[in-house]
Amino acid sequence: MDSRTSDRDVRTPLRSTAENGLKIVIVGGFGVGKTTMVRSVSEIRPLSTEETMTRAGVGIDDAAGVQDKTTTTVAFDFGRISLNDEMVLYLFGAPGQERFWFLWDQLFAGTLGAVVLVDTRRLADSWYAIDRLEHHGTPFIVARNDFGGPQHTLEQVRDALDLSPEVPLVDCDARSRDSSKAVLIALVEHLHALSSARETTP
Amino acid sequence: MSPRLDDEDPDRLYTVTGGRSRVDAGAVDLVTLIVSESEPSTGMQSEHVRILTLCRRPTAVVEISADLGMPVSVVKILLCDLLDTGAVTARHPSVTRVSSSPGVHPSLPDPELLKQVLVGLQNL
Ligand SMILES: Nc1nc2c(ncn2[C@@H]2O[C@H](COP(=O)(O)OP(=O)(O)OP(=O)(O)O)[C@@H](O)[C@H]2O)c(=O)[nH]1
Ligand SMILES: [Mg+2]
């Protein structure tokens, strides 16, 4: 492999045959390890960018021609994995706070699925994200990023998150490439199971 | 020919996009891959030159955004001109979905595509 420095200066370009970009979103509360997970599995150093969106606020007053608009800027980071000659998977790390979701709904439309990263010391941070994904019908799994601290069983975590039994819940260490890779595989296996079931259902 | 840009402009993003603020956002996705079809020419605005140089190999919209240090929506507007003139082409994401049934996820990628993703991940 290239050395760290050259890796950082010149990003490996995609193959010229690359034609199909796919998305997976890693969502979670502040400092839960989103960027760390992207970095662990990405073939490029995570890049960051931002998007600005304006939406009409509540109380639009058409008669007066006055619109109450709010502009939100959201920063997110991403990495990528070339899956084969044609397919490239982009991984997005997205903060899960409530105020960002109208952006995610647009930016991440068409995503294959999502990983909700949770820290057991701050489980409440992920309630909103889980709710939103369920509501939106985006398939997801939950990954507990192990920061040490008090031990909880996965069952306890599932209860605390009020997670339905069919949503996979796995343990991970976002700093480990193998562990992060296993999380992505668990998600795609879950998606595959859901999708296969759908296909065989009349 | 595009007017020369002034880097000192107080509202740079307004300038680079020629004041336009809307774009057919549905057409270009974050992960649409952009490919240059021609070399930069003299008189092109600097952002267009950078995009054409970057996209000699396929490059996702979001990567262009990160490299240019500009919001995704601005990059999409910049790309519109280049797409219109055929200076770049777009390879749009293609995810076949299985039909939805009531009460479950509205749509899911088809199993064959997911299988390919799985194999790609396992080979990492
Ligand atoms: N012990 C431990 N530390 C971790 C793990 N994953 C991440 N960290 C550390 O936690 C800190 C936050 O990780 P980030 O990856 O920056 O988290 P983030 O979710 O991207 O944070 P924001 O983007 O700021 O919301 C870093 O110092 C990481 O090194 C883990 O699995 N175990
Ligand atoms: Mg981060």
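Each chain gets a letter, A, B and so on, in the order the sequences are listed, and its residues count up from 1. Since this is a predicted model, take the numbers as computed values, not measurements.
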Heavy-atom proximity to chain B below 4.5 Å, by part of A193(A) = neither
Between G113(A), S16(A), A109(A), G110(A), which shows the greatest number of heavy-atom pairs under 4.5 Å with chain B?
-> S16(A)
Interchain contact, L22(A) with chain B, by part (heavy-atom threshold 4.5 Å) | both
Under a 4.5 Å heavy-atom cut-off, does chain B meet the side chain of L112(A), its backbone, both or neither?
-> both
Take atom CG of D84(B) as the centre, draw a 6.0 Å sphere, and report whether it contains more than 12 heavy atoms from other residues, nucleotides or ligands.
-> yes
Answer key: most heavy-atom pairs under 4.5 Å with chain A among L68(B), D67(B), L54(B), T32(B) is D67(B)
Greatest number of non-hydrogen atom pairs under 4.5 angstrom with chain A, of K115(B), R56(B), E112(B), falls to K115(B)
Non-hydrogen atoms of chain B under 4.5 Å away: do they reach the side chain of R15(A), the backbone, both or neither?
-> backbone
Find out whether T59(B) and R11(A) are in side-chain contact, i.e. whether some heavy atom of one side chain is under 4.5 Å from a heavy atom of the other.
-> yes
Looking only at L33(B), N123(B), L121(B), L118(B), most heavy-atom pairs under 4.5 Å shared with chain A are made by L121(B)
Gap between atom OG1 of T111(A) and atom CZ of F92(A) - 0.5 Å precision | 8.0 Å
Please examine the side chains of N145(A) and T36(A), heavy atoms only from C-beta on, and report whether any two atoms are closer than 4.5 Å.
-> no
Looking only at atom types and distance, does a side-chain atom of N20(A) sit under 3.5 Å from a main-chain N or O of M87(A), one as donor and one as acceptor?
-> no
Part of T52(A) within contact of chain B (heavy atom distance under 4.5 Å) | both
Interchain contact, T73(A) with chain B, by part (heavy-atom threshold 4.5 Å) = neither
Are any side-chain N or O atoms of R122(A) and backbone N or O atoms of F30(A), one a donor and one an acceptor, separated by less than 3.5 Å?
-> yes
CG (D110(B)) and NE2 (H192(A)) are apart, to the nearest 0.5 Å, by 8.5 Å
